[in-house]
Amino acid sequence: MTLQIDIPAASKSYPLLIQQGLLSAIASHLLDGAHKIVIITDSTVQKLYGNSLLDRLKASGKEAHLRSFPAGESSKTRATKEYLEDAMQEISCGRDTLVLALGGGVVLDIAAFTAATYCRGVPFIMLPTTLLAMVDACLGGKAGINTSHGKSLVGTFCHPEAILIDIDTLNTLPKEELSFGFSEVIKYSLIADRDLFFLLQESINMAEIIERCCRIKQSVVEADEKEAGLRRILNFGHTIAHALEAASGYTLPHGAAVMLGMACEAKMSCLLGYLAEEEFLAILHLLPSFSEMKLPKTIRQESLYYHLHRDKKSEKTLPRFVLISEIGKTLVFDGAYCTFVEEKIVNQALDWLYQCYAQ
Ligand SMILES: NC(=O)c1ccc[n+]([C@@H]2O[C@H](COP(=O)([O-])OP(=O)(O)OC[C@H]3O[C@@H](n4cnc5c(N)ncnc54)[C@H](O)[C@@H]3O)[C@@H](O)[C@H]2O)c1
């Protein structure tokens, strides 16, 4: 299955392929123009897929190299980017270098950001290997690193030459990582795809689910590359989730926080009278079938307010939320895709969240 992604604002158009076995049969025409190929990956993915990809490229006569860094969010730093840039200079990479970003969202973020600034920009191809990276991080052009002040605070918008999604790589993904990816899948169903929501209650066809999510993200980022409006809908559940992550000192995984965030923001939609009770209950019924809904008691409710006021969508430090009117439909407020919610309602929704899920 191939989608053609067109980002008019960036004058960029590129294919997104979803297929089994793609990694072992990387289309050589995609790599034709490159003098040197550098695979950027992490320590786990290197062993699983990186080394064999490197061997195949070399066997096909390409000058190929691989550079990796320790797996995990703690590697998404300036220091890792600097290490990769120095490593590419040591092997004399010029503008005719192609970067292959092979891994989860951490690898894609850092490899794309490195490629975007190396020699003022070299081409790169995304090879996502986690569900979260397949349905979210690989598409949309955002690339960045963390600083001591927060997540993805330094970065850029940049687009790849292609996105190649080999769903076979999910076979080695730990169950917990898979469930983090499903938090974003459920989000797509809640903001834009009612049928997907019900599909998730039946049998799971990974290729179909990934395609539906990529199509939604495609339509959103093609219309609003830089998050001036519509792209905000992708933040459903994320205002609360980001506050939970920050208040936990980033020990609560993003996927787990998004599950809780979606429950809480659906509750707000319900308290405000936008979302019917039975729709809300259907959401609450689905969420735990994909991930444990556990809010660590160590996250103090009061500390959430501090982080909510620092959310990227806040205006004059007041947090704004994406709300839904039914499963598959996001609300629009005077042309804006997020809105202020009275503090009383935010408190009520958070009280409910703590009562239900704090452990
Ligand atoms: N740029 C964007 O638009 C965007 C969007 C969403 C998320 N992100 C970023 O993505 C990151 C999270 O991504 P993630 O959840 O993929 O985390 P990750 O990249 O840390 O991967 C999770 C773990 O799975 C391992 N792994 C990867 N593929 C595997 C496979 N096929 N088999 C076995 N293990 C495998 C990794 O080595 C890692 O240990 C965050 O930093 C987030 O900010 C970026």
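Hydrogens, waters and symmetry mates are skipped; everything else that's a heavy atom, side chains included, is used. Indexing begins at 1, ligand by ligand and atom by atom, following the structure's order.
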Problem - Protein contact of atom 43 (O) of ligand 1 - nearest heavy atom, named by residue and atom, plus distance - result: Lys76 NZ, 3.0 Å
Practice task
Can you sort out which atoms of ligand 1 are near Asp42, meaning under 4.0 Å from one of its heavy atoms?
Solution key: 36 (C), 37 (O)
Problem - atom 44 (C) of ligand 1: nearest protein contact (heavy atom, Å) - result: Asp109 OD2, 3.5 Å
Completion exercise
Here the atoms of ligand 1 under 4.0 Å from any heavy atom belonging to Tyr49 are 31 (N)
Exercise for the section: Report the part of Leu170 (side chain from C-beta onward, or backbone N, CA, C, O) that has a heavy atom under 4.0 Å from ligand 1; answer both or neither where that applies. Expected result: neither
Problem - Nearest candidate to atom 24 (O) of ligand 1, where distance is taken over non-hydrogen atoms, out of Lys217, Glu176, Glu177 - result: Glu177
Practice task
Tell me which protein heavy atom sits closest to atom 16 (O) of ligand 1, plus the residue, atom name and distance to 0.1 Å.
Solution key: Thr130 OG1, 2.6 Å
Problem - For Lys142, atoms of ligand 1 separated by under 4.0 Å from a heavy atom - result: 1 (N), 2 (C), 3 (O)
Fill in the blank from the handout: Out of Pro174, Ser75, Ser152, Ala137, the nearest non-hydrogen contact to atom 4 (C) of ligand 1 is supplied by Ala137
Completion exercise
Counting from 1 in the order shown, the ligand 1 atoms closer than 4.0 Å to a non-hydrogen atom of Gly104 are 16 (O), 19 (O)
Problem - Sidechain N-carboxylate O distance under 4.0 Å for Glu265, Lys187 - result: no
Practice task
For Ala71, counting its heavy atoms only, list the atoms of ligand 1 lying under 4.0 Å from any of them.
Solution key: 37 (O), 39 (O)
Exercise for the section: Give me the ring orientation class for Tyr274 and Phe333: parallel if the planes are under 30° apart, tilted from 30 to 60°, perpendicular past 60°. Expected result: perpendicular
Handout entry: Numbering as shown, the atoms of ligand 1 that approach Thr172 to under 4.0 Å (heavy-atom distance)
Key = 30 (C), 31 (N), 32 (N), 33 (C)
Handout entry: Leu132, Thr129, Ile110: member with heavy atom nearest to atom 15 (O) of ligand 1
Key = Leu132
Practice task
Measure the distance from atom 40 (C) of ligand 1 to every protein heavy atom, then report the residue, atom name and distance (to 0.1 Å) of the closest one.
Solution key: Glu73 OE1, 3.2 Å
Practice task
Give a yes or no on whether a salt bridge exists between Glu225 and Lys142, defined as a side-chain N under 4.0 angstrom from a carboxylate O.
Solution key: no
Fill in the blank from the handout: Among non-hydrogen protein atoms, atom 18 (P) of ligand 1 lies closest to Val106 CG2, 3.9 Å
Practice task
Name the orientation class of the two ring planes belonging to Tyr357 and Trp352 (parallel below 30°, tilted from 30 to 60°, perpendicular beyond 60°).
Solution key: perpendicular
Completion exercise
the protein heavy atom lying closest to atom 6 (C) of ligand 1 turns out to be Asp136 OD2, 3.4 Å
Completion exercise
Residue, atom and distance of the protein heavy atom nearest atom 17 (O) of ligand 1 read Gly105 N, 4.1 Å
